[in-house]
Novice: 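Below you will find the structure I want to go over with you.
Every chain is numbered from 1, with letters handed out A, B, ... down the list of sequences. Only heavy atoms go into these numbers, but all of them, side chains included; no hydrogens, no water, no symmetry mates. Since the structure is predicted, the reported quantities are computational estimates derived from the model, not experimental observations.
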Amino acid sequence: MDYSRHAEIDKKWQDRWYSQKVFHAEDQSDKPNFFALIEFPYPSGIGLHVGHTRPYTAMDVLARKLRMDGKNVLFPIGWDAFGLPAENFAIKHKIHPSEAMSRNVANFRKQAMALGYSFDWDREVNTTDPSFYRWTQWIFIQLFKRGLAYKKKMSVNWCTSCLCVKANEEVVDGTCEICGAPVIRKEKEQWMLRITDYADKLIEGLDRVDFPARVKTQQINWIGRSTGAELDFSTTAGDKLTVFTTRPDTVFGVTYMVISPEHPLIDKWAGRLANFDEVAAYRRAAALKSDFERSELAKEKTGVRLDGVAAVNPATGGEIPIFVSDYVLMSYGTGAIMAVPAHDTRDYDFAKAFGLPIIEVVAGGNVEEAAFTDCETGVMVNSGMLNGLSVEEAKKKIVEWMTEKGLGKQKVNYKLRDWIFARQRYWGEPIPVVWCDRCGKYVPVPEDQLPVTLPEVQNYEPTTTGESPLSKVEEWVNTTCPVCGGPARRETDTMPQWAGSSWYYLRYTDPKNDKALASPEALARWTPVDWYNGGMEHTTLHLLYSRFWHKFLYDIGVVPTDEPYKKRTSHGMILGEDGEKMSKSRGNGVDPDQVIAEYGADTLRLYIMFIGDFEKTARWNSAAVRGCQRFIDRVCGLYDRMIPGDAVRPEHELGVNRTVRKVGADIMEMKFNTAIAALMTLVNEFCDGGDINRAEMKILLKLLAPFAPHICEELWEGFGEGLIAQASWPAYDESKTVEDSVTVAVQINGKLRAAVRMPRDCENADMIAAAKADPKIAAALEGVSIVREIAVRNKIVNFVVRPGK
RNA sequence: GCGGGUAUGGUGGAAUGGCAGACACGAUGGAUUUAGGAUCCAUUGCGCAAGCGUGCAGGUUCAAGUCCUGUUACCCGCACCA
């Protein structure tokens, strides 16, 4: 037997598994349920990437192991087929997106099957299927009805190549996450989702889920909750100027104020400003910059003083100048700040550049040199009633005082912005609302009329005007208002990439339901997801968005839990052989199809699991793939030499029991590389012994089956006991995982001097005696005095000695 | 700038504070072979040795890759967030 006929063997077992629905998740089962989830792929034109095989194989190993443990496992797959990559692919190849998608999906499906993944193919979902996006639209309407979806004119991120709006999360260093083109600011009316309403819940829920610490911190930082105060400053123009600050304690140190170039008061004050032209010019210059440029050019602080309006410090009553500067962002807080140069580095830089006074109000630093920003140690000075207090006490006291006077209040701010939930593109879920002139408002499409299907069009390329291509489909756009029956126009923007993926996992529990997104029973049975593995790059995108939707669905009583995922893990990236990120332009990509063709699916699966720590970045090494092929060949060789025997032979009990324990534990901790190493060690043990018996072989195959299921089925078939995929995971005997005698290291002054064999669990005194009896140790202990004798059971003996007697 | 992570042979990587380098790749030598490939056997951290070795400098400990302090390099997030 060997695995050189891998193409034939792989196919044989894949056909059997899939035609017999071996991996079907039972809706009625006495077994405990387990929902294992991978991030469903976008079926791009390139096909399944070798990067996909790492998380998918990992979860497949886990799913297969859990089935053998007696769990009723739901391990589903679907296609995230809406969105820009799909549409751009279609445009490039001049075919319709739906056609491109069905081709790509067919290819992905074939590839996933060629890897032998144990998906339940009866639960496949596709976000572009009207029976699926009907429910995406339904969720949108629920959000709309509760005021969480709204339309707003605002400055948005506009990708100059995709020709559509991007969410903040999709803009990386001022460029588009997808195409890399520059992103500029543009005023547009946009559909928004009020994710900020869930900011606190999204933070708080993290306490109750098992996510990696780095995922939690990244989400918390992204949400960026900060507690401070809103304070009102009066101005000589009569208007009050409200600022947000986390340091209300420093209000006596405010020597000037800054408002953002977009601040509305500038227009209001236009007539009073002697230098309005200069201010306007500064504004225009700022508007031309993207947010990225603004922060890049931030080294030098720039700004213009408003000539004609000043503010009044509510604490001191002193008059202070107001500047306009682009270091203050309209999108955070109130778009205006109180500047305390002595205790804020940015204000310090600005004050230095403009020669403004710097007043120390927290003692402890040297404000001649730099801003003193420490909140822990400082003591208040130059601050009237606050003098002598700590920063914390001062914060509390000043906010109370301001609140009493009606000049301010405690306030929490977030970096998180509402989610821009519309794209001016064709290939997405239509937003299910219509604009009715007579009603004068947006009206949701009645739920029984869902889905609003995407019309077939000839030209789906983006327009240059910023309008969705759907706006040109008159017969689709023109409709009637569901409320008044009058003429109405459909919303022509579509939902972003992230819509379907925000809830797809729920659909797996009941994928064919046409009454609800899933039945309450199915949701109760399967959710929350027990284990969700996915990429770190989705931490502040998909993972955050889907937690938001889930929490909303919980609040309206649709889902039974407030968090969607019990446990989240993340895999590291696979780099090319040259240590660089795999990319078409570098030509360092690895095609899984080719690896399978050459080595077979099991070799690829084993290698990708053996490559290194699952969480860390790993580099592809084609030579090392051979090692895994050799390992499979060695197992086949052992099989050919198999001898009878219905029990593990005594000389292999230790190895077998230890390996069963280790492989099982390692799989559950995602330490796949060491699990495989343990299997290799066991195989080497049998090879060195010359043979293996039937009982031993059966255990070995069961342990290997989750990793290399095809060849294990092929070998298992000879035992006539059904499928190994349905066999039970072997048990081990703890008492047989330890040897009767142990090798104890003997050290003198911490340096290894001998290794002594002795019975297990010796008393310390016996260990020391045995160590002293060793000739090398006895010789070394001649002529020295022993200061201390340390013995650790079954491990080590250490003599601390001093020269002489 | 802030936050998080990583650093171990020629390479990928193992090590509940207790024999550093498991397992694999590669390399070297040998067997087999017409040859190459494949396979099998042996060796493989450095050093002739005593010894020395886990980025660097300290510390705690009988004992440190592992814990503590400082430091360097690289990677990832966030970034004028008031």
Side-chain angles (χ1 to χ4, degrees), chain A residues 4 172-173 212-222 224-226 228-229 243-248 250 257-258 260 291-292 294-299 301 325-329 331-340 343-347 349-350 413-417 536-537 539-540 572-573 606-607 610-613 615-631 633-634 637 671 673-684 687 743-756 787-801:
Chain A
S4 60
V172 178
D173 289 345
R214 54 185 175 151
V215 170
K216 291 189 185 183
T217 9
Q218 260 186 50
Q219 288 205 344
I220 288 167
N221 291 343
W222 186 261
R225 185 182 203 274
S226 67
V243 300
F244 174 73
T245 177
T246 55
R247 293 296 303 276
T250 60
M257 303 193 73
V258 187
S260 127
D291 273 2
F292 179 60
R294 273 201 195 184
S295 55
E296 267 306 274
L297 302 171
K299 318 290 173 206
K301 293 275 184 288
S325 171
D326 64 4
Y327 86 92
V328 170
L329 308 174
S331 54
Y332 185 79
T334 62
I337 62 157
M338 60 178 222
V340 187
H343 305 289
D344 181 282
T345 50
R346 296 152 302 180
D347 298 345
D349 293 345
F350 190 87
N413 249 320
Y414 302 91
K415 285 192 214 173
L416 185 70
R417 304 264 71 94
M536 279 306 287
E537 70 277 16
T539 301
T540 54
M573 221 189 341
L606 265 176
Y607 174 66
F610 188 57
I611 197 165
D613 186 333
E615 290 199 343
K616 289 198 197 125
T617 305
R619 184 192 293 206
W620 183 268
N621 177 351
S622 45
V625 178
R626 287 275 302 111
C628 292
Q629 185 185 38
R630 246 174 244 162
F631 171 62
D633 288 344
R634 278 157 77 81
K671 288 160 72 175
N673 54 336
T674 51
I676 293 168
L679 284 165
M680 289 173 167
T681 308
L682 184 65
V683 166
N684 290 345
C687 287
T743 305
V744 168
V746 183
Q747 300 177 331
I748 290 174
N749 286 346
K751 294 221 189 315
L752 183 69
R753 284 292 176 264
V756 179
V787 180
R788 202 169 152 187
E789 296 171 337
I790 293 131
V792 179
R793 185 157 300 186
N794 300 331
K795 293 233 167 82
I796 206 156
V797 172
N798 189 12
F799 296 107
V800 184
V801 303

Novice: Measure the distance from CD1 on A:I748 to C1' on B:G18 and round it to the nearest whole Å.
Specialist: 16 Å
Novice: Can you name the closest pair of heavy atoms from A:D347 and A:A339 and give their distance?
Specialist: OD2-CA, 3.3 Å
Novice: Taking only the side-chain nitrogens and oxygens of A:S226, find out if one of them lies under 4.0 Å from OP1 or OP2 of B:A82.
Specialist: yes
Novice: To the nearest Å, how far apart are A:Y607 OH and B:C25 C1'?
Specialist: 9 Å
Novice: Check the phosphate of B:A38 against A:R630, side-chain N and O only, distance under 4.0 Å to OP1 or OP2. Yes or no?
Specialist: no
Novice: The side chain of A:A745 is closest to which nucleotide in this list: B:C19, B:G26, B:G18?
Specialist: B:C19
Novice: Out of B:C19, B:C80, B:C23, which has the shortest distance to the side chain of A:N684?
Specialist: B:C23
Novice: Could you run down nucleotides 9-15 of chain B 5' to 3' and tag each one B, S or - for protein heavy-atom contact under 4.0 Å?
Specialist: ---BSSS
Novice: Starting at the 5' end of RNA chain B, which residue's closest nucleotide do you reach first, A:R214 or A:V625?
Specialist: A:R214
Novice: Could you give the OH-to-P distance, from A:Y327 to B:C80, as a whole number of Å?
Specialist: 13 Å
Novice: Rounded to whole angstrom units, what separation is found between the CZ atom of A:R225 and the P atom of B:G3?
Specialist: 20 Å
Novice: What's the closest nucleotide to the side chain of A:T245 if the choices are B:A82, B:C62, B:U39?
Specialist: B:A82
Novice: If you look at every strand shown and take non-hydrogen atoms under 4.0 Å, does A:E789 touch a base, only sugar-phosphate, or nothing?
Specialist: nothing
Novice: Measure the spacing between CD1 of A:I790 and CD of A:Q747 and express it to the nearest 0.5 Å.
Specialist: 9.0 Å
Novice: Look at all strands and tell whether A:A677 reaches a base, only sugar-phosphate, or nothing, counting heavy atoms closer than 4.0 Å.
Specialist: base
Novice: Round to the nearest Å and state the distance from A:F350 atom CZ to B:A82 atom C1'.
Specialist: 14 Å
Novice: Mind checking the CG-CE spacing from A:L606 to A:M680? Nearest 0.5 Å is all I need.
Specialist: 6.5 Å
Novice: With rounding to the nearest 0.5 Å, note down the distance linking OG1 in A:T245 to CE in A:M338.
Specialist: 4.0 Å
Novice: Using the P atom on both, measure B:G9 against B:A14 and round to a whole Å.
Specialist: 14 Å
Novice: Considering non-hydrogen atoms only, spot the tightest contact between A:V756 and A:V746 and give its length.
Specialist: CG2-CG2, 3.6 Å
Novice: More 5' along RNA chain B: A:A624 or A:N413, using each one's nearest nucleotide?
Specialist: A:A624
Novice: Can you find a heavy atom in the side chain of A:V797 that is under 4.5 Å from one in the side chain of A:E789?
Specialist: no
Novice: Look at the side chain of A:K751 and decide which nucleotide, out of B:G18, B:C52, B:A82, has an atom nearest to it.
Specialist: B:C52
Novice: Can you find an N or O donor on one side and an acceptor on the other, under 3.5 Å apart, linking the side chain of A:K301 with the base of B:C80?
Specialist: yes
Novice: State, with a plain yes or no, whether a side-chain heavy atom of A:F244 is found less than 4.5 Å away from one of A:S226.
Specialist: yes
Novice: Answer with base, sugar-phosphate or nothing: what part of the nucleic acid does A:R634 contact at a heavy-atom distance below 4.0 Å?
Specialist: sugar-phosphate
Novice: As a test of reading the structure: which of B:C78, B:G3, B:A24 is closest to the side chain of A:N221, going by heavy atoms?
Specialist: B:G3
Novice: Please name the pair of heavy atoms, one in A:A745 and one in A:L752, separated by the smallest distance, quoted to 0.1 Å.
Specialist: CB-CD1, 3.7 Å
Novice: Whole-Å distance between B:G3 C1' and A:K216 NZ?
Specialist: 17 Å
Novice: Classify the glycosidic conformation of B:G26 as syn or anti, calling it syn when the angle lies within 90° of 0.
Specialist: anti
Novice: Would you kindly give the NZ-to-P distance between A:K415 and B:C2, to the nearest whole Å?
Specialist: 14 Å
Novice: Which part of the nucleic acid, if any, lies within contact of A:A755, taking any heavy atom under 4.0 Å across all strands shown: a base, the sugar-phosphate backbone alone, or nothing?
Specialist: nothing
Novice: Please determine, for the side chain of A:R753, which listed nucleotide (B:G18, B:G51, B:A82) has the closest atom?
Specialist: B:G51
Novice: Would you classify A:V800 as touching base, sugar-phosphate or nothing, given that sugar-phosphate means primed atoms plus P, OP1 and OP2, and contacts are heavy atoms under 4.0 Å?
Specialist: sugar-phosphate
Novice: Can you tell me how far CD of A:Q218 sits from OG1 of A:T540, rounded to the nearest 0.5 angstrom?
Specialist: 6.5 Å
Novice: Starting from P on B:A82, measure out to CD1 on A:I337 and report it in whole angstrom.
Specialist: 11 Å
Novice: Have a look at A:G627 and say if it touches a base, only the backbone sugar-phosphate, or nothing, with a 4.0 Å heavy-atom cut-off.
Specialist: sugar-phosphate
Novice: Taking both distances under 3.5 Å as the test for a Watson-Crick or G-U pair, what stems of at least three pairs does RNA chain B have?
Specialist: B:1-7 with B:72-78, B:10-12 with B:23-25, B:26-31 with B:39-44, B:55-59 with B:67-71
Novice: Using distance alone, with no hydrogens and no angle criterion, decide if A:N684 and A:R634 have a side-chain donor and acceptor under 3.5 Å apart.
Specialist: yes
Novice: Angle between ring planes, A:F350 versus A:Y327, binned at 30° and 60°: parallel, tilted or perpendicular?
Specialist: tilted
Novice: Counting just side-chain N and O atoms, does A:R788 come under 4.0 Å of either OP1 or OP2 of B:U61?
Specialist: no
